[in-house]
Participant: 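If you scroll down you'll find the structure; I have some questions about it.
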Amino acid sequence: MDFTHTEDRRMISDSLRRYLADQYGIEHRNQAAYEAPFHDTGKWAELAELGILGALVTEDQGGFGGHGFDIAVVFEELGRGLCPEPVLGNLLALRLYAALGQTERVDAIIAGTARAAVAVHETDAFVDLDEIAITANGSGDSVTLTGRKSVVYGGNSADHILVVAKNASGLGLYEIAPGDAEVMGYAMIDGGGAAEVILENTQATTLSEDARGIIEAALDAGRLALCAEAVGIMDVLRDTVKDYLLQRQQFGRPIALFQALQHRLVDFSIEIEQARSIVILAASKLDAEDRALHIARAKNLIGRAGKLVAEEAIQMHGGIGMTWEYGASHYAKRLIMLDAQLGDTEDQLRTSMELAAA
Amino acid sequence: MDFTHTEDRRMISDSLRRYLADQYGIEHRNQAAYEAPFHDTGKWAELAELGILGALVTEDQGGFGGHGFDIAVVFEELGRGLCPEPVLGNLLALRLYAALGQTERVDAIIAGTARAAVAVHETDAFVDLDEIAITANGSGDSVTLTGRKSVVYGGNSADHILVVAKNASGLGLYEIAPGDAEVMGYAMIDGGGAAEVILENTQATTLSEDARGIIEAALDAGRLALCAEAVGIMDVLRDTVKDYLLQRQQFGRPIALFQALQHRLVDFSIEIEQARSIVILAASKLDAEDRALHIARAKNLIGRAGKLVAEEAIQMHGGIGMTWEYGASHYAKRLIMLDAQLGDTEDQLRTSMELAAA
Amino acid sequence: MDLNFTAEEDAFRAEVRQFLKDNLSDEIVAKMRGMEELTKEDLENWHATLQSRNWLAAGWPVQHGGPGWNATQRHIFDEECSAANAPRIVPFGLGMLGPVLLKFGTEEQKAEILPRILDGSDWWCQGYSEPGAGSDLASLKTKAERDGDDYIINGQKTWTTLGQFANKIFCLVRTSSEGKPQEGISFVLVDLDTPGIEMRPIRLLEGGYEVNEVFFTDVRVPVANRVGEENEGWTIAKYLLTHERTNIAGVGASTQALAELKMLAAKVSRKGKPLSIDPIFMAKVAETEIDLEAMRITNLRMLSADATGREAGTVSSMLKIKGTVIRQSINDLARRALGPAACPFPSEEVIGNLAVAPPEAARNAADYFNNRKLSIFGGSNEIQRNIITKNLFGA
Amino acid sequence: MDLNFTAEEDAFRAEVRQFLKDNLSDEIVAKMRGMEELTKEDLENWHATLQSRNWLAAGWPVQHGGPGWNATQRHIFDEECSAANAPRIVPFGLGMLGPVLLKFGTEEQKAEILPRILDGSDWWCQGYSEPGAGSDLASLKTKAERDGDDYIINGQKTWTTLGQFANKIFCLVRTSSEGKPQEGISFVLVDLDTPGIEMRPIRLLEGGYEVNEVFFTDVRVPVANRVGEENEGWTIAKYLLTHERTNIAGVGASTQALAELKMLAAKVSRKGKPLSIDPIFMAKVAETEIDLEAMRITNLRMLSADATGREAGTVSSMLKIKGTVIRQSINDLARRALGPAACPFPSEEVIGNLAVAPPEAARNAADYFNNRKLSIFGGSNEIQRNIITKNLFGA
């Protein structure tokens with residue numbers, strides 16, 4: 001057993017942490033996160049240079065990482081820096097392109113010269129791939145797609161959009177050029193961009209007609225990423241609360257001396273350690289047979305811990321925690337909202353119950 | 001609107017409270033509650049004299065109460081006094097005999113000269129009457145019963161046992177003499193008696209061949225009783241914790257000054273008020289069309305509040321709360337265990353979800 | 001024990017319901033269901049509508065222009081307003097300053113100020129909290145120094161709700177630094193047009209604008225604008241903290257929010273089935289509903305007892321805590337019900353053109369974040385627990 | 001990062017598993033699964049079995065008769081013992097006094113006492129808590145006054161676990177009332193046969209007997225029985241509080257209890273279906289299982305870091321709190337699973353003849369009540385939170 005990261009992972013983690021702390025302060029972040037294109041294209045290129053995209057796929061696939069712990073260290077730092085860049089959407093796309101051997105796309109994304117996004121959600125298919133309704137018309141080179149994909153993370157700033165759609169053999173994966181569809185971008189409530197993608201006889205390239213396995217794997221990689229991001233956020237929130245309790249005076253003394261607050265801080269600090277542990281376990285299982293179960297369990301625990309930490313962080317800050325101006329409130333907001341991405345606490349609980357019973 | 005009890009109800013409540021405080025102290029209680037017949041037959045007669053059994057059925061039926069609030073005031077005091085007498089089992093029996101016009105039995109129970117119990121539970125039918133497996137053989141005067149009824153409250157000291165069993169028209173109600181079956185009595189873990197009743201071609205008198213409605217009503221009366229009992233117990237536990245926090249010194253001062261404990265005491269005190277409120281609502285609905293929904297809701301809330309109060313009361317007492325010698329631990333034990341009687345927190349939640357959706 | 005309303009009370013309820021049906025526009029109802037911020041005009045119009053029936057100042061006695069309702073009538077009125085999705089009455093003039101003047105004001109103050117609240121001439125806001133003194137009011141630092149017949153006020157107030165719509169503010173200010181911190185406080189009325197006052201918006205975490213900071217620099221206010229005696233403002237502050245109790249639990253608003261949640265759960269799906277038949281999610285809805293049912297009765301018990309003093313403080317603090325917990329739980333479930341459709345920032349454009357969520361639910365996440373304030377503002381739940389503790393231990 | 005055990009560690013695990021398979025009787029396993037109290041003989045036999053393999057004193061170095069395992073080996077051993085339903089090793093001599101002597105004892109003390117722990121000649125118990133000083137050890141009052149080469153001890157100890165089986169007790173006693181309360185405490189070893197000692201049973205709330213009060217009246221103990229310096233017992237007490245960390249989370253026991261719970265849920269039914277397919281109940285089981293999975297990793301992280309000092313205190317307190325919460329949650333669910341079959345007092349007669357519940361589950365309610373102690377004894381969870389607070393704020 002060894003709970004230390006490799007030298008390589010420590011390096012990328014350190015450099016990403018430094019970069020975000022120096023170059024992506026909270027004020028700049030809040031500007032970039034809420035004004036179209038809801039991220040900073042210049043910084044995107046710099047992040048690519050730092051290698052954070054290359055870290056998300058294996059050497060064979062053109063990157064230099066690609067294992068669970070590679071994803072985890074990158075996203076933990078993205079969380080710590082509250083980075084609104086569309087790394088999640090590009091992670092999903094990278095994993096799919098890489099699995100399909102689309103080297104050109106993989107290389108372009110890693111180099112930061114192209115961005116991509118994956119359109120999965122539909123209004124009545126939030127998390128369950130079985131419920132996807134959009135169906136590919138035609139086959140091979142002449143496929144068209146019609147319907148609406150909802151809340152496509154990073155879809156507003158993507159050069160390529162991968163669309164998950166039904167076909168005769170199950171679930172396929174199709175690529176469209178955003179210009180061929182109606183892509184309506186918007187900010188998310190916790191910052192960063194997403195889009196509605198409205199397809200109407202939209203020309204698509206078939207990447208795979210039987211992609212269910214790789215789609216599930218990519219979504220699980222995305223879930224792991226969100227879990228690790230949450231851990232980074234929670235660490236910041238705990239430290240912020242701690243500092244605030246020491247600095248804030250009430251009734252003539254620092255509120256850190258109020259035992260009721262102390263014990264609540266302890267209780268959520270314990271949950272943060274639990275969250276860190278379950279992410280380690282899930283990361284170690286990303287390439288294992290029981291991946292899906294462990295990922296679902298991790299995201300369930302992260303959802304519960306995240307809600308506790310976010311709500312307590314706001315509450316223990318009092319009024320200041322309610323304001324846009326204060327950084328911690330944005331961390332809390334992101335922590336709550338990431339639960340809604342790729343299946344929330346209850347969705348993951350249902351999944352883990354099904355998988356454990358199977 | 002009026003949230004004060006009638007003069008009559010206040011009187012019975014006051015006299016029962018005084019009687020239990022004077023005559024049924026915790027030491028005597030713990031002796032009676034755990035030694036066969038797991039209650040005090042002398043005190044039973046005195047309780048009957050006080051009128052607490054008469055209060056459980058209406059004037060028409062030979063009593064002088066019988067409404068939700070009559071049951072509630074009696075059981076709240078039984079809870080406050082942690083009384084192990086088999087009032088619950090006799091309440092169920094009384095309501096059934098009364099509904100069927102069995103005046104002789106009703107009068108005898110009210111007078112304290114006979115005790116009865118109702119056998120409902122089976123190993124695979126804890127709460128759902130649909131799952132009852134024991135089936136009446138024969139009809140009219142020559143009915144026999146075979147099978148096992150489990151955890152019959154007060155069954156160990158009953159002169160008559162009412163058995164719920166299936167028949168061609170649905171659920172029937174049958175009376176047996178305990179001597180005709182194998183009745184194996186035992187103490188419950190929180191004191192008081194119950195029994196396994198093993199029937200083997202046991203002769204039974206048919207009281208009703210279509211009794212489902214009155215059985216459900218009687219069980220709901222029992223649930224209301226348990227809820228009210230819980231409120232009496234919770235009041236005692238809150239006061240005991242309060243006194244203990246004031247008296248117990250740690251690190252040189254009363255632990256009542258520790259804010260973490262203060263806030264937890266507040267939180268469970270709030271739940272006690274919620275519990276009191278839901279019992280009032282449920283009591284007001286005992287004769288209403290939506291009785292079942294309101295009773296299920298009440299018992300669900302009581303289950304949740306009871307667990308919180310019982311566990312916090314033990315925890316906040318520290319070691320002393322873990323001991324047999326200390327009274328509060330028995331209150332906590334009863335509060336936890338009454339949840340298991342007649343359908344627990346989750347059972348009641350399922351029921352209320354079904355009824356609300358219907 | 002009788003949980004029923006009297007025939008007269010039922011008739012009164014019917015009357016209120018009919019009035020709301022006749023006078024509440026579909027547009028306002030849609031805004032309320034969609035949790036949109038109401039404009040100043042929306043609020044003023046609604047006040048005027050109620051005042052046309054003499055129902056605006058629910059808690060005021062008849063001789064000062066109120067309807068003279070008892071607590072039960074006010075409760076029924078609140079319930080019906082919530083059920084109809086009527087706007088909440090802005091409380092600062094009607095629910096706070098009005099009662100303060102009725103108890104502590106001079107006849108001149110009452111005669112001058114109360115009618116202007118009723119007819120909408122004045123919009124009051126509240127200057128209580130300060131950056132360093134949120135829940136710990138007694139430590140406030142905004143100073144009022146006597147200069148002839150005036151006070152000169154210097155300092156800063158914060159969390160002033162809807163200050164952007166107001167022309168007047170009532171403030172707690174420090175008029176003496178001697179004795180205990182509570183002892184040197186006075187309650188003064190200030191015209192927001194007075195030179196030296198600056199109001200700056202505070203944006204809340206979800207992006208909305210409803211609270212403000214107010215800066216006072218050498219602001220000159222006549223001593224005659226003081227309510228009550230000098231250095232006795234604490235009495236008024238405490239009165240205000242425990243006075244407004246009929247609607248502290250927010251039962252009506254939570255009931256309405258829960259109804260919306262259940263409708264939403266029937267509209268959205270999980271794993272191919274309506275969320276409304278998912279046992280894991282609906283178990284949480286059901287337990288929240290049960291808690292709300294209980295709180296409705298707790299609220300009625302308090303109304304009925306019409307308690308005063310220490311016990312009233314305990315009960316109203318309990319209702320505040322449990323009421324906010326329940327409301328926040330409903331908000332949380334409503335946000336979750338949307339799944340990823342909760343993610344978009346609810347701009348006009350998103351709601352108008354993109355329809356990511358059912359439109360009336362598009363602000364669910366924003367509302368969840370905004371309502372975290374409920375357990376913080378107006379005396380945080382921690383402060384409420386301290387109040388209850390004091391009462392429990394008789395300290 | 002590597003969560004896997006090495007090949008050597010896997011081999012060690014296999015060896016332990018085989019040993020347990022060969023040496024653990026069905027009778028003991030049945031008692032353990034049924035949560036029965038083990039007899040003194042049961043425990044002594046199991047100690048002897050382990051000692052026959054040199055595996056009894058898991059934490060002791062080789063030269064004193066321990067197996068010389070590292071933390072990972074000890075963890076594997078604990079996991080396998082729990083999974084096999086082996087009795088827990090009674091910790092007072094082996095896990096507590098042993099390490100204290102190894103660190104603070106004289107060579108004579110080690111030579112005399114340690115072998116007698118290993119061979120079962122002595123059964124030690126603990127004299128720490130007092131009626132007025134549970135979690136607040138520093139305020140203890142039991143006095144040891146010097147009289148020549150003896151101490152004369154007067155006072156009372158309580159919560160002495162399995163004292164009824166012991167012939168020796170180690171105690172914290174007050175040897176000076178000067179300075180800070182912690183400063184005048186000494187650690188002494190007492191023979192329970194010494195005149196003036198009386199042990200009285202304390203019955204626990206569920207009816208079981210495992211703890212005792214111990215009364216000291218003019219009990220004469222040689223000064224040579226002191227471990228460490230006079231008035232420096234506090235150092236030993238603190239060492240003991242943070243020393244025994246490998247099994248503080250109780251992961252193995254909780255894992256086993258959870259497995260029993262799931263088997264039980266498949267056996268009992270609700271509304272005609274196995275409880276194991278009821279989503280509301282099983283959601284709670286699943287979340288508890290997830291928490292336990294996380295804690296298993298937290299525990300391994302701590303083992304791996306082998307932290308010392310402040311951080312170790314924080315982590316072990318965290319594991320204590322979360323470990324007890326999880327265990328108590330499993331106990332709660334197991335009790336609930338039984339429905340009304342949880343009600344009977346689990347006497348021999350009920351379990352033997354009445355079979356109200358599945359026999360191995362008949363003590364579930366009693367076990368639930370008994371395990372409320374987990375968050376109270378051995379430094380309550382409140383005290384653990386205080387410890388963590390101190391470390392968090394660096395105070």
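Worth knowing before you read on, the calculation uses all heavy atoms, side chains too, and leaves out hydrogens, waters and symmetry mates.
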Participant: Between B:L129, B:L349, B:I314, who has the most heavy-atom pairs with chain D when the cutoff is under 4.5 Å?
Facilitator: B:I314
Participant: Is it the backbone or the side chain of B:L261 that comes under 4.5 Å from a heavy atom of chain D, or both, or neither?
Facilitator: side chain
Participant: When rounded to the nearest 0.5 angstrom, what distance separates CZ in D:R270 from CG in B:D344?
Facilitator: 6.0 Å
Participant: Quick one: pull up CD in B:E346 and CG in D:L333 and give me the separation to the nearest 0.5 Å.
Facilitator: 7.5 Å
Participant: Should the heavy atoms of other residues, nucleotides or ligands under 6.0 Å from CD of D:E178 be counted, would the total exceed 12?
Facilitator: no
Participant: Are the side chain of B:K333 and the backbone N or O of D:L205 linked by a donor-acceptor pair below 3.5 Å?
Facilitator: yes
Participant: Given heavy-atom pairs under 4.5 angstrom as the criterion, report whether the side chain, backbone, both or neither of D:N370 touches chain B.
Facilitator: backbone
Participant: Go through the steps for B:I336 and D:D332 under the test side chain to side chain contact (heavy atoms under 4.5 Å, CB included), then give the verdict.
Facilitator: CA-CA 10 Å; B:I336 288 291; D:D332 178 54; 5.9 Å; no
Participant: Evaluate the side-chain proximity of D:K271 to B:T351: yes if any heavy-atom separation is below 4.5 Å, no if none is.
Facilitator: yes
Participant: Show the nearest heavy-atom pair for residues D:A342 and B:M337, with the distance to one decimal.
Facilitator: O-CE, 3.4 Å
Participant: Which heavy-atom pair separates B:D124 from D:S269 by the least distance, and what is that distance?
Facilitator: OD1-OG, 3.3 Å
Participant: Is D:R336 close to chain B through its backbone or its side chain, or both, or neither, when contacts mean heavy atoms under 4.5 Å?
Facilitator: both
Participant: At their closest point, which heavy atom of D:V350 faces which heavy atom of B:Y186, and how far apart are they?
Facilitator: CG2-CB, 3.7 Å
Participant: Under 4.5 Å from any heavy atom of chain D, what part of B:Y326 do you find: side chain, backbone, both or neither?
Facilitator: neither
Participant: Does any heavy atom of chain B fall under 4.5 Å from the side chain of D:R372, the backbone, both, or neither of them?
Facilitator: both
Participant: Given heavy-atom pairs under 4.5 angstrom as the criterion, report whether the side chain, backbone, both or neither of B:D130 touches chain D.
Facilitator: neither
Participant: Go through it in stages, so that I can follow the logic: the residues are B:M353 and D:I280, the test is side chain to side chain contact (heavy atoms under 4.5 Å, CB included), and I'd like the CA-CA distance, side-chain angles, deciding distance and then a yes or no.
Facilitator: CA-CA 11 Å; B:M353 287 165 73; D:I280 293 178; 3.9 Å; yes
Participant: Got a sec: does the CZ of D:R88 have more than 12 other heavy atoms crowding it under 6.0 Å?
Facilitator: no
Participant: Rounded to the nearest 0.5 Å, how far does CZ of D:F281 lie from OG1 of B:T345?
Facilitator: 11.0 Å
Participant: Apply side chain to side chain contact (heavy atoms under 4.5 Å, CB included) to residues B:Q315 and D:E382 and explain how you reach the verdict.
Facilitator: CA-CA 9 Å; B:Q315 184 70 25; D:E382 288 74 24; 3.0 Å; yes
Participant: If you compare all heavy atoms of D:G339 against all heavy atoms of B:A340, which two are closest, and at what distance to 0.1 Å?
Facilitator: O-CB, 3.7 Å
Participant: Hey, what do you get for CD1 (B:I320) to CD1 (D:I202), rounding to the nearest 0.5 Å?
Facilitator: 8.0 Å
Participant: Please say whether more than 12 non-hydrogen atoms of neighbouring residues, nucleotides or ligands are located less than 6.0 Å from CD in B:E325.
Facilitator: no
Participant: Non-hydrogen atoms of chain B under 4.5 Å away: do they reach the side chain of D:L275, the backbone, both or neither?
Facilitator: side chain
Participant: With a 4.5 angstrom heavy-atom cut-off, is it the side chain or the backbone of B:Y153 that approaches chain D, or both, or neither?
Facilitator: side chain
Participant: Less than 4.5 Å to any heavy atom of chain B: does that hold for the side chain of D:F369, its backbone, both, or neither?
Facilitator: both
Participant: Below 4.5 Å from any heavy atom of chain B, which atoms of D:P346 appear? Answer side chain, backbone, both or neither.
Facilitator: side chain
Participant: Out of curiosity, B:M322 CE to D:W159 CH2, how far, rounded to the nearest 0.5 Å?
Facilitator: 8.5 Å
Participant: Counting heavy-atom pairs under 4.5 Å with chain D, which one of B:H317, B:Q249, B:K307 comes out on top?
Facilitator: B:K307
Participant: Under the criterion side chain to side chain contact (heavy atoms under 4.5 Å, CB included), I'd like the reasoning laid out for D:Q328 against B:E311: C-alpha separation, chi angles, the key distance, then a yes or no.
Facilitator: CA-CA 10 Å; D:Q328 291 175 337; B:E311 292 183 351; over 6 Å; no
Participant: Check whether D:L204 gets within reach of chain B through its side chain, its backbone, both or neither, counting any heavy atom under 4.5 Å.
Facilitator: both
Participant: To the nearest 0.5 Å, what is the distance between OG1 (B:T323) and CD (D:E206)?
Facilitator: 11.0 Å
Participant: Ignoring hydrogens, what is the shortest heavy-atom contact between D:C343 and B:Q341? Give both atom names and the distance.
Facilitator: SG-CG, 4.2 Å
Participant: Identify which part of B:A187 has an atom lying under 4.5 Å from any heavy atom of chain D, answering side chain, backbone, both or neither.
Facilitator: both
Participant: With only heavy atoms counted, which part of B:R334 is less than 4.5 Å from chain D, the side chain, the backbone, both or neither?
Facilitator: neither
Participant: For residues D:A341 and B:F126, report the shortest heavy-atom separation together with the two atoms involved.
Facilitator: CB-CZ, 4.4 Å
Participant: Could you tell me which portion of B:S150 (side chain, backbone, both or neither) has an atom closer than 4.5 angstrom to a non-hydrogen atom of chain D?
Facilitator: side chain
Participant: With only heavy atoms counted, which part of D:V356 is less than 4.5 Å from chain B, the side chain, the backbone, both or neither?
Facilitator: both
Participant: If I measure from the heavy atoms of chain D, does B:E182 come under 4.5 Å with its side chain, its backbone, both, or neither?
Facilitator: neither
Participant: Most heavy-atom pairs under 4.5 angstrom with chain B, which of D:A365, D:A357, D:S375?
Facilitator: D:S375
